[in-house]
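Only one structure is covered here, and it is reproduced in the block below.
Values in this document were obtained by computation on a predicted structure and should not be read as measured data.
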Amino acid sequence: DIEDVIASIYEKTMIQTNLLLDQNVINRVVNRILNASHIDIYGTGITDTIAKEMYFKFQILGLPCQIHNGANVRYLERIRLQKNNVSILISTSGNNKLIADIAKTLSDSHIYTVGIVSTQGNKVADYCQDIIRFDTSLFRDVDTFCSTFAASYIVNILYASLFYRFETEKYLKNCERDL
């Protein structure tokens, strides 16, 4: 029974997340990541694990990235000078104070930021140029379970989109070479 319940929760969480996804935002984020000189990924608490998952997948693709579980003011001051950096902030509540403070600092420094956040909170989203939202309101009693799954699902969508772009580019280069 538990397996069926969990499978059902996963399915409904993916459906709810898919309904919120804006393909234009996903494409814009993927394009910015592909053109970034560096990618910073932020997560704290439970989202630290999701941030590590994203970091690992981006490293597989050869993308220059770094993971953070807090704020390093000196680092944030230094990257302010680099205009094509991308910062990705993950907050399962959308209201994590530390992540919101980091988002504000990045926004004040005019660094492109992407928030992967719940629809339940806006503190982080208020400072991000692009937002990828997920909704777990159907499952408030298992909210952390659903929100971590939904955030990981979004990480997988970004990874798959980037992987597809790299593979398409490689295929096209091979076709040109064969001509």
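- Listed by chain and number, the residues in a side chain to side chain contact (heavy atoms under 4.5 Å, CB included) with Gln59 are Tyr55, Cys65 (sequence neighbours excluded).
- A donor-acceptor contact shorter than 3.5 Å links the side chain of Thr13 to the backbone of Ile9.
- Partners of Ala51 under the side chain to side chain contact (heavy atoms under 4.5 Å, CB included) rule, at least two apart in sequence or in another chain, are Ile41, Ile67, Ile90.
- More than 12 heavy atoms of other shown residues, nucleotides or ligands fall within 6.0 angstrom of atom CD in Glu167.
- With sequence neighbours left out, the side chain to side chain donor-acceptor pair (under 3.5 Å) criterion links Asn95 to no other residue.
- Judged as a salt bridge (charged side-chain N to carboxylate O under 4.0 Å, His left out), the pairs with a partner in residues 50-73 (not counting sequence neighbours) are, in order, Asp48-Lys52, Glu53-Lys57.
- With a 4.5 Å cut-off on side-chain heavy atoms, Gln16 and Leu19 count as touching.
- Other residues, nucleotides and ligands place more than 12 heavy atoms under 6.0 Å from the OH atom of Tyr75.
- Within the structure, ring pair (Phe, Tyr, Trp, His ring centres under 6.0 Å) pairs that include any residue of residues 1-43 comprise Tyr10-Phe145, Tyr10-Phe149, Tyr42-His68 (at least two apart or interchain).
- Annotation: side chain of Asn85 is in contact with side chain of Asp40 (closest heavy-atom distance under 4.5 Å).
- Under a 4.5 Å side-chain heavy-atom cut-off, the cluster of Ile, Leu, Val, Met, Phe, Trp and Tyr residues that includes Tyr171 is completed by Leu172.
- With sequence neighbours excluded, the residues satisfying side chain to side chain donor-acceptor pair (under 3.5 Å) with Thr113 are Gln129.
- By the 4.5 Å heavy-atom criterion applied to side chains, Cys128 and Val124 are counted as neighbours.
- Here the side chains of Val114 and Ser87 are not in contact, with every heavy-atom distance at 4.5 Å or above.
- No continuous path of hydrophobic side-chain contacts links Leu20 to Met14 [ILVMFWY only; heavy atoms under 4.5 Å].
- Judged purely by atom type and a 3.5 angstrom limit, Asn96 uses its side chain to pair as donor or acceptor with the backbone of Ile99.
- Taking 4.5 Å as the limit, some side-chain heavy atom of Tyr159 sits within range of a side-chain heavy atom of Ile60.
- For the pair Lys173 and Glu169, the salt-bridge criterion is met [side-chain N within less than 4.0 Å of a carboxylate O].
- For the atom pair NZ of Lys104 and NZ of Lys97, the computed distance is 10.5 Å after rounding to the nearest 0.5 Å.
- Cluster membership for Leu61 and Ile26, using ILVMFWY side-chain heavy atoms within less than 4.5 angstrom, is shared.
- Between Phe166 and Leu34 the shortest side-chain heavy-atom distance falls below 4.5 Å.
- With side-chain heavy atoms closer than 4.5 Å counting as contact, directly or through intermediates, Tyr127 stands alone and belongs to no larger hydrophobic cluster.
- Hydrophobic cluster membership for Tyr164: none, as no Ile, Leu, Val, Met, Phe, Trp or Tyr side chain comes under 4.5 Å of it.
- Both Val25 and Ile39 are part of a single hydrophobic cluster, where members link through side-chain heavy atoms under 4.5 Å apart.
- For Asn18, the side chain to side chain contact (heavy atoms under 4.5 Å, CB included) test picks out Leu21, Tyr153, Ile157, with sequence neighbours left out.
- Of the possible polar contacts, none joining the Arg133 side chain to the Val117 backbone as a donor-acceptor pair under 3.5 Å is found.
- The heavy-atom pair separating Asn84 from Asn35 by the smallest distance is ND2-O, 3.5 Å.
- When the side chain to side chain contact (heavy atoms under 4.5 Å, CB included) test is applied to Ile2, the partners found at least two apart in sequence or on another chain are Ile6.
- Atom CG of Leu89 and atom CD1 of Ile131 lie 9.0 Å apart (nearest 0.5 Å).
- Between the side chain of Ser8 and the backbone N or O of Asp4 there is no donor-acceptor pair closer than 3.5 Å.
- Residues Thr92 and Ile116 are not in side-chain contact: their nearest non-hydrogen atoms beyond the backbone lie 4.5 Å or more apart.
- Rounded to the nearest 0.5 Å, atoms CD1 (Ile46) and OG (Ser147) are 6.5 Å apart.
- Side-chain contact between Val86 and Ile88: present, with at least one pair of heavy atoms (C-beta onward) separated by less than 4.5 Å.
- Distance check, rounded to the nearest 0.5 Å: CZ of Arg165 to CD1 of Ile33 gives 10.0 Å.
- For residues 20-35, the pairs satisfying salt bridge (charged side-chain N to carboxylate O under 4.0 Å, His left out) are Arg28-Asp130, with sequence neighbours left out.
- Scanning both residues, Ile50 and Ser152, for their nearest heavy atoms gives CG1-OG, 3.9 Å.
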